[in-house]
Amino acid sequence: MKAAVLVFPGSNREGDVAQAIELVTGRRPAMVWHGDGDFETTDLIVVPGGFSYGDYLRCGAMAAQSPVMAEVRRRAARGVPVLGICNGFQIVTEAGLLPGVLMRNAHLKFVCSDVHLKVETSQSLFTNRYQAGQVIRVPVAHAEGNYFADAETLKRLEDRGQVAFRYCAPDGTVDGSGNPNGSINNIAGIFNETKTVLGLMPHPENAVEPMFGGSDGKGLFEGMVEALS
Amino acid sequence: MKARVHVTLKNGVLDPQGKAIGHSLNRLGFPEVGDVRQGKYIELEIAETDKTRAKARLDEMCRKLLANTVIENYSIAVADEIDWKKE
């Protein structure tokens with residue numbers, strides 16, 4: 001699996017996700033600068049976390065209009081898988097690749113901690129290494145992760161099984177106790193209709209080695225390798 | 001000409017910052033303050049002399065970048081005129 005990791009001014013998790021990809025593929029991904037509207041063909045495009053363009057105006061709003069994202073939109077339309085993590089999730093929603101928006105956390109605080117996620121489906125190129133209903137533990141680090149979509153969009157997401165991950169209690173119960181930011185329906189990550197685009201606020205790339213507090217995120221990368229190699 | 005854009009959260013969208021501001025004002029001795037909504041104010045200098053054309057361009061700017069219409073409304077004013085019909 002050949003991957004490209006986008007880099008914007010203010011990205012800061014691009015190295016982490018590149019390392020996670022290298023860990024499972026043995027290949028260093030291509031790092032693609034935001035001004036590069038024509039980069040090499042890859043099996044996967046990753047939009048990493050950070051504070052692209054200083055989060056000016058709205059998180060992800062400026063990055064969504066960059067030359068590299070115009071090309072990502074074209075490739076996503078052709079079915080090239082796109083993974084947006086944290087700020088990357090904000091960028092792909094602002095770019096219109098996923099519905100809804102990530103708002104300021106309901107309690108207004110930056111949240112940096114491990115959370116539990118319920119995997120909603122194993123039927124995707126991103127989640128095939130997990131079981132539906134499985135609970136995994138990965139970290140979050142964000143101030144704007146409060147997912148919101150209007151009632152009609154939300155119903156469509158739920159009806160079509162486009163929710164990928166939900167915040168939950170350690171035992172898998174989906175309620176307010178496990179929700180770190182006020183996200184509607186405890187949504188932590190969603191797919192597009194074809195399940196070729198995944199956006200999520202948590203950082204699976206920071207949970208790939210037991211030495212760093214857990215490896216529950218590794219399955220996401222292994223699953224992609226299996227699906228895309 | 002000068003243009004002004006106000007971006008505000010739509011009704012029904014939770015505004016925790018507005019709430020926090022309201023609570024602070026209440027605590028500071030302004031019990032008359034009820035609901036508070038916070039927004040953004042953007043001032044632009046536009047190289048255009050026709051108000052209608054300027055507004056059409058500003059509308060496009062709002063839809064493409066300045067506002068996220070999933071959760072935000074915007075209003076545009078050019079020169080001394082304020083256009084509230086976008087609210």
Side-chain angles (χ1 to χ4, degrees), chain A residues 52-67 69-70 73 87 89-111 142-157 176 179-185 187 190 199, chain B residues 2-28 30 33-47 54-78 86-87:
Chain A
S52 58
Y53 298 87
D55 276 352
Y56 292 171
L57 192 64
R58 290 182 310 278
C59 301
M62 309 291 216
Q65 306 304 329
S66 61
M69 282 308 294
R73 269 198 292 267
N87 187 222
F89 186 12
Q90 296 161 344
I91 293 168
V92 296
T93 52
E94 282 282 349
L97 292 176
L98 291 172
V101 61
L102 282 312
M103 299 189 359
R104 195 76 188 267
N105 293 347
H107 49 58
L108 294 175
K109 295 186 190 103
F110 189 95
V111 52
H142 60 249
E144 284 91 2
N146 180 359
Y147 183 78
F148 177 84
D150 61 60
E152 195 184 318
T153 306
L154 196 63
K155 186 178 183 309
R156 207 164 54 234
L157 283 175
N179 189 336
N181 53 30
S183 281
I184 200 159
N185 290 15
I187 288 172
I190 56 167
Chain B
K2 261 208 178 352
R4 291 169 288 177
V5 172
H6 282 97
V7 180
T8 51
L9 282 174
K10 286 182 177 172
N11 283 335
V13 175
L14 180 72
D15 179 5
Q17 293 184 85
K19 268 208 169 104
I21 293 166
H23 286 151
S24 280
L25 288 171
N26 292 156
R27 237 188 0 257
L28 282 169
F30 300 100
V33 176
D35 198 26
V36 178
R37 309 284 284 170
Q38 189 195 261
K40 288 190 192 98
Y41 170 69
I42 303 161
E43 219 173 69
L44 306 90
E45 188 62 48
I46 312 278
K55 274 197 232 173
R57 296 287 287 170
L58 283 157
D59 192 72
E60 203 182 332
M61 292 177 211
C62 285
R63 280 182 285 110
K64 281 195 172 158
L65 182 68
L66 301 181
N68 183 329
T69 54
V70 176
I71 49 165
E72 293 171 332
N73 288 325
Y74 56 87
S75 67
I76 295 163
V78 289
K86 290 287 173 204
E87 287 233 315

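Just so we're clear, the structure is a prediction, and the values are computed from it rather than from any experiment. Lettering follows sequence order; numbering is per chain, from 1.
Contacts of residues 90-102 of chain A with chain B at a heavy-atom distance below 4.5 Å involve A:E94, A:G100, A:V101, listed in sequence order.
Here the closest non-hydrogen pair linking B:P16 and A:A106 is CB-O, 3.4 Å.
There is no contact between B:V7 and chain A, counting heavy-atom distances below 4.5 Å. For chain A, the nearby part of B:K64 is the backbone; its heavy atoms alone come within less than 4.5 Å. Contacts between A:L108 and chain B at a heavy-atom distance below 4.5 Å involve the side chain alone, from C-beta outward. Contacts of B:E72 with chain A are made by side-chain atoms alone, with heavy-atom separations under 4.5 Å and no backbone atom involved. Residue contact with chain A, scored on non-hydrogen atoms closer than 4.5 Å, involves the side chain of B:I42 exclusively.
Atom-to-atom distance recorded for B:L14:CG and A:R104:CZ is 12.0 Å, nearest 0.5 angstrom.
The shortest distance between side-chain heavy atoms of A:M103 and B:V13 falls below 4.5 Å.
Within 6.0 Å of the CZ atom in A:F110, the count of heavy atoms belonging to other residues, nucleotides or ligands exceeds 12. Counting non-hydrogen atoms of other residues, nucleotides and ligands closer than 6.0 Å to CZ of B:R57 gives a total of 12 or fewer. The environment of A:E152 atom CD is sparse: at most 12 non-hydrogen atoms of other residues, nucleotides or ligands sit within 6.0 angstrom. Within a 6.0 Å sphere centred on NZ of B:K40, heavy atoms belonging to other residues, nucleotides or ligands number more than 12.
Considering only heavy-atom pairs separated by less than 4.5 Å from chain A, the leading option among B:D15, B:L9, B:V70 is B:V70.
With A:R58 contributing its side chain and B:L66 its backbone, the two residues share a donor-acceptor pair below 3.5 Å.
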